[in-house]
Enquirer: 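Before I ask anything, here is the structure I am working with.
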Amino acid sequence: MSQYAEVLLPLAIQGTYTYQVPAAMTHGVAVGSRVLVPFGRRKMYTAIVVMLHDHKPQGYQVKEIASLLDARPILRHPQLKLWEWIADYYLCSMGEVYRAAVPSGLKVESETFVSVNPDYEEESPGQLRDRDKVVLDMAKTRGRVQIDEIARATGFGNVVNQVSHLLDLGAIRVSERVVDNYRPRTEKCVRLAIARNDEASLHRFFDELKRAKKQEQLLLAYLDLSRWLQRGQEVKEVTQAALLERAGVTQPVLAAAAQRGVFELYKREINRFAELGNKLQSLPVLSQDQQRAYHEIHQCFKQQAITLLHGVTSSGKTSIYMHLIADALRQGRQVLYLVPEIALTTQLTHRLRAVFGDKLLIYHSKFSDNERVDIWKRLLDKAEPCVVIGVRSSVFLPYANLGLVIVDEEHDTSYKQQDPAPRYNGRNVAMILAMMHGAKILLGSATPSIEVYHRALEGSYGLVRLTTRYGDIKMPLVQIIDTKKARKKHEMNGMFSLELIKECRRALEAGEQVILFQNRRGYAPMVRCKECGWVPTCRNCDVSLTYHKLTRSLTCHYCGYTIGLPDLCPACGLPGIEIVGYGTERIEDDIDQVFPDEKISRMDLDTTRNKNSYDRIIDDFSSHRTNILVGTQMVTKGLDFDGVSIVGILNADTMISFPDFRSGERAFDMMEQVAGRSGRAHKQGKVIIQTSNPSHPVVDYVTRHDYEGFYRHELGEREKFGFPPYTRIINIYLKHRDDAMVGEVAVRYSGLLRQVFGQRVLGPEAPMVARVQNFYIRQIMLKMELEASMVKVKKILRGIYERMVSIDSRMKSTILYYDVDPM
Ligand SMILES: Nc1ncnc2c1ncn2[C@@H]1O[C@H](COP(=O)(O)OP(=O)(O)OP(=O)(O)O)[C@@H](O)[C@H]1O
Ligand SMILES: [Zn+2]
């Protein structure tokens, strides 16, 4: 029975804090328990217990845990270990990992209930401030009150503050029953208020309802939906919504019938993983080539935990995954199926649902917190075999028994979290997670990342190839259009070459579909005054504003700053504003001019802000309600449409001329992936790449679908300049509102870094966008040897930081963070 607990707070601070475990709690508190603790005399936080012990801390007064929130831990082994690994590797605090890992519904704060401690007496007059008394009075009169509620009633700003002060004084206590944000979802249902064999009552109902036609309709609809009269069968549960729809009446009619005693209304708690009534389908029959790959993967798994499946686009990697998932489930294990973005989950979910039914759980970024808590609790409650399909944050769920982790589109940069910390790569964390569970890992891609492919060729990972498309359809034909030449010959119509238009027309007339890819959202990336050259830029960031036509506004894509489009140039007063460049919104407009009779949809960040908008766009296109799909890189990822025969890459230049060591890789991936959306089901497709730089090597590799060639070329470059996979990059960012100051601090700090790391330090320099939200940025790059221990690096960096703070106080007001393995 330990007296002290080390707890983790959801904050960006290093280490854990010690609290005393009240005697009454000693039996309940365990590692992984959630507890409510006062922190810094200001706030209450939900903390996680990471260790229990009996060593009384010296030198300060230990506070008590205010409340134990659950009867049992909310974490399973090895979650804490995984958090620790992430904090070490990605150079952040465990608290930051905790904050990202646990849904906020499980981190109760203002919803907490408090009540007055009847034994409290004011020790010295004046100990209670006026505001304390107000809060105390409220708690007294109401008995048990929520912190939130106090805030609303009093109008006081920081009530949690107030409450923790009172908690410190012992004037109030946290009420044990804490209400979570989580509430189970219910569904309204209807049933007849009589027993099924009570025919007399049923007749009576019909008699009574003769003069209430609408209610009679309800009764008939109910009998039909519930199969009441089909003797051999069970009565089916009928939802209120379904009943009203079938009967074609409104809720008051139902309420009246219920009043009369015909129906009973009740609520059914539905689990969000509602079973489908449909029968499950069997697994897809694998083609010969797929069968071979499937066996090879099993062979690889005997030797190695990690295997890369390098399968060309539309080779049917998903079908192979499904067989592997079924194998793991049969062995009673759980499966994590990671996808980079939710655009992918829509189609995948349908395919997997059909086979795995309610064993499939979905966890994606547009889910509400309630839904996240649901899945968390379900995994906590049961250790049953299941498959979780999710985005990167699903690595944090409490798995009991992982047997297999699949990382689809392994190369995708969306696996990397940019901001805030932990700046982790979901793929890499998934690999560590799998190791901790003794699970196998399958990485899949048509365009593997250079790092992963390198490791596979080295022999660290297994490697299985799939070189043919399903149904033996040929890889799409790629045609290059030199836009410079075409423009000279007047063979361009805006952003579209006449050749592209011709091909699109041919396809559309044949009932086929078209995808147009432009990697910029908005209408135009900038506007400009043609009289004086004025360009509107963001007030807070060093970027030009993007024009959005629908809202007639100019918007900063970094901070959201928005202004209206001026009619006259504010600089020279002339009506010279012109629109420069093309974003997806403009492409959509322009292609509509070219093909006025075609239905067009657009998929980019602006059209997919709602939870269901992806589904709608993808569904419309799949079912040919739309035939031209315009989109940003969202359309490049793993989508599977059967009718697309033409893919147009409108401007390859923006991708290939980006000053970053990964730009070649990113450009190849994007083009090869978007090209791969064409010609998937029936016949060879065609890809048209428009570029002013047709001899660029990346364009050439895409034309030949030559991943190997591209890989060798790229690897040569990486070796020459000492980039991954030969080194590990750590970017260090410094931010401050004062440009000159952050510049000086960065130079001085990099000097200290050089004393230890020498040549491994590059910079500081100002990044391409050197000011965001009024913070000026400097970047320092560290190129570390792969063998370097990140635990050591972290320690050294912390030391250097502390030294810097001690010799230059300006460092304290500077924001500093690390980005390990930046993408
Ligand atoms: N064994 C199979 N039986 C029936 N259909 C299959 C089979 N394998 C693949 N397909 C079909 O072929 C198409 C391509 O398969 P899938 O989407 O799995 O390819 P992929 O390798 O994941 O491609 P990408 O890397 O482009 O996402 C799909 O429409 C799929 O239904
Ligand atoms: Zn801005």
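Note that ligands are numbered from 1 as they come in the structure, with each ligand's atoms numbered from 1 the same way.
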Enquirer: Rounded to the nearest 0.5 Å, what separates atom CD in Glu296 from atom CG in Leu466?
Expert: 9.5 Å
Enquirer: Please list, in number order, the atoms of ligand 1 under 4.0 Å from a heavy atom of Val285.
Expert: 1 (N), 2 (C), 3 (N)
Enquirer: Identify the protein heavy atom lying closest to atom 26 (O) of ligand 1, giving its residue, its atom name and the separation to 0.1 Å.
Expert: Arg680 NH1, 2.8 Å
Enquirer: Applying salt bridge (charged side-chain N to carboxylate O under 4.0 Å, His left out) to Lys683 and Glu512, what does each step give before you reach the verdict?
Expert: CA-CA 11 Å; Lys683 55 166 206 177; Glu512 297 158 2; 3.1 Å; yes
Enquirer: In terms of side-chain heavy atoms, does Thr562 have a donor or acceptor partner in Thr555 at a distance below 3.5 Å?
Expert: yes
Enquirer: Considering only protein heavy atoms, which is closest to atom 28 (C) of ligand 1, and at what distance to one decimal place?
Expert: Asp640 OD2, 2.9 Å
Enquirer: Is the contact between Arg469 and ligand 1 made by the side chain, the backbone, both, or neither, using heavy atoms and a 4.0 Å cut-off?
Expert: neither
Enquirer: If you measure only the distance, is there a donor-acceptor pair under 3.5 Å linking the side chains of Ser287 and Asp289?
Expert: no
Enquirer: Just to confirm my output: which protein heavy-atom neighbour is closest to atom 23 (O) of ligand 1, and how far is it?
Expert: Ser314 N, 2.8 Å
Enquirer: Considering Tyr321, Phe641, Tyr470 one by one, which has a heavy atom nearer to atom 5 (N) of ligand 1 than any of the others?
Expert: Tyr470
Enquirer: Given Arg521, which of Asp606, Thr546, Thr584, Thr607 fulfils the side chain to side chain donor-acceptor pair (under 3.5 Å) condition?
Expert: Asp606
Enquirer: Identify whether the distance between the nearest side-chain nitrogen and carboxylate oxygen of Asp619 and Arg616 falls below 4.0 Å.
Expert: no
Enquirer: Check for me whether Ser315 has a heavy atom closer than 4.0 Å to any atom of ligand 1.
Expert: yes
Enquirer: Is it true that Glu409 lies under 4.0 Å from ligand 1, counting heavy atoms only?
Expert: yes
Enquirer: Within ligand 1, which atoms have a heavy atom of Leu286 less than 4.0 Å away?
Expert: 1 (N)
Enquirer: To which of Gln291, Lys317, Gln347 does the heavy atom nearest atom 25 (O) of ligand 1 belong?
Expert: Lys317
Enquirer: Please could you name the atoms of ligand 1 that Gly316 approaches to less than 4.0 Å, counting only its heavy atoms?
Expert: 8 (N), 9 (C), 15 (O), 16 (P), 18 (O), 19 (O), 20 (P), 21 (O)
Enquirer: Round to 10° and report the angle made at the Zn ion (ligand 2) by SG of Cys556 and SG of Cys538.
Expert: 110°
Enquirer: Hey, looking at atom 17 (O) of ligand 1, which of His323, Arg351, Glu672 has the closest heavy atom?
Expert: Arg351
Enquirer: Going by side-chain contact (heavy atoms from CB on, under 4.5 Å), Val687 matches just one of Val478, Ile646, Leu477. Which one?
Expert: Val478
Enquirer: What angle, to the nearest 10°, do the atoms SG (Cys559) and SG (Cys541) form about the Zn ion (ligand 2)?
Expert: 110°
Enquirer: Any side-chain donor paired with an acceptor under 3.5 Å for Thr313 and Glu672?
Expert: no
Enquirer: Answer with yes or no whether the side chains of Arg662 and Thr413 bring together a donor and an acceptor at under 3.5 Å.
Expert: no
Enquirer: Thr318 heavy atoms, cut-off 4.0 Å: which ligand 1 atoms fall inside?
Expert: 16 (P), 17 (O), 18 (O), 22 (O)
Enquirer: Quick one: look at Gln673 and ligand 1, take heavy-atom pairs under 4.0 Å, and tell me if it's side chain, backbone, both or neither.
Expert: neither
Enquirer: Is the shortest side-chain N to carboxylate O distance from Arg552 to Asp567 below 4.0 Å?
Expert: yes
Enquirer: I'd like to know whether ligand 1 has Gly676 as a neighbour, heavy-atom separation below 4.0 Å.
Expert: no
Enquirer: Answer yes or no: are there more than 12 heavy-atom neighbours, outside Gln288 itself, under 6.0 Å from its atom CD?
Expert: no
Enquirer: Less than 3.5 Å between some nitrogen or oxygen of Gln290 and one of ligand 1, yes or no?
Expert: yes
Enquirer: Taking atom NZ of Lys416 as the centre, does the number of heavy atoms from other residues, nucleotides or ligands within less than 6.0 Å exceed 12?
Expert: yes
Enquirer: Hey, is the Zn ion (ligand 2) within less than 2.8 Å of some N/O/S atom on His557?
Expert: no
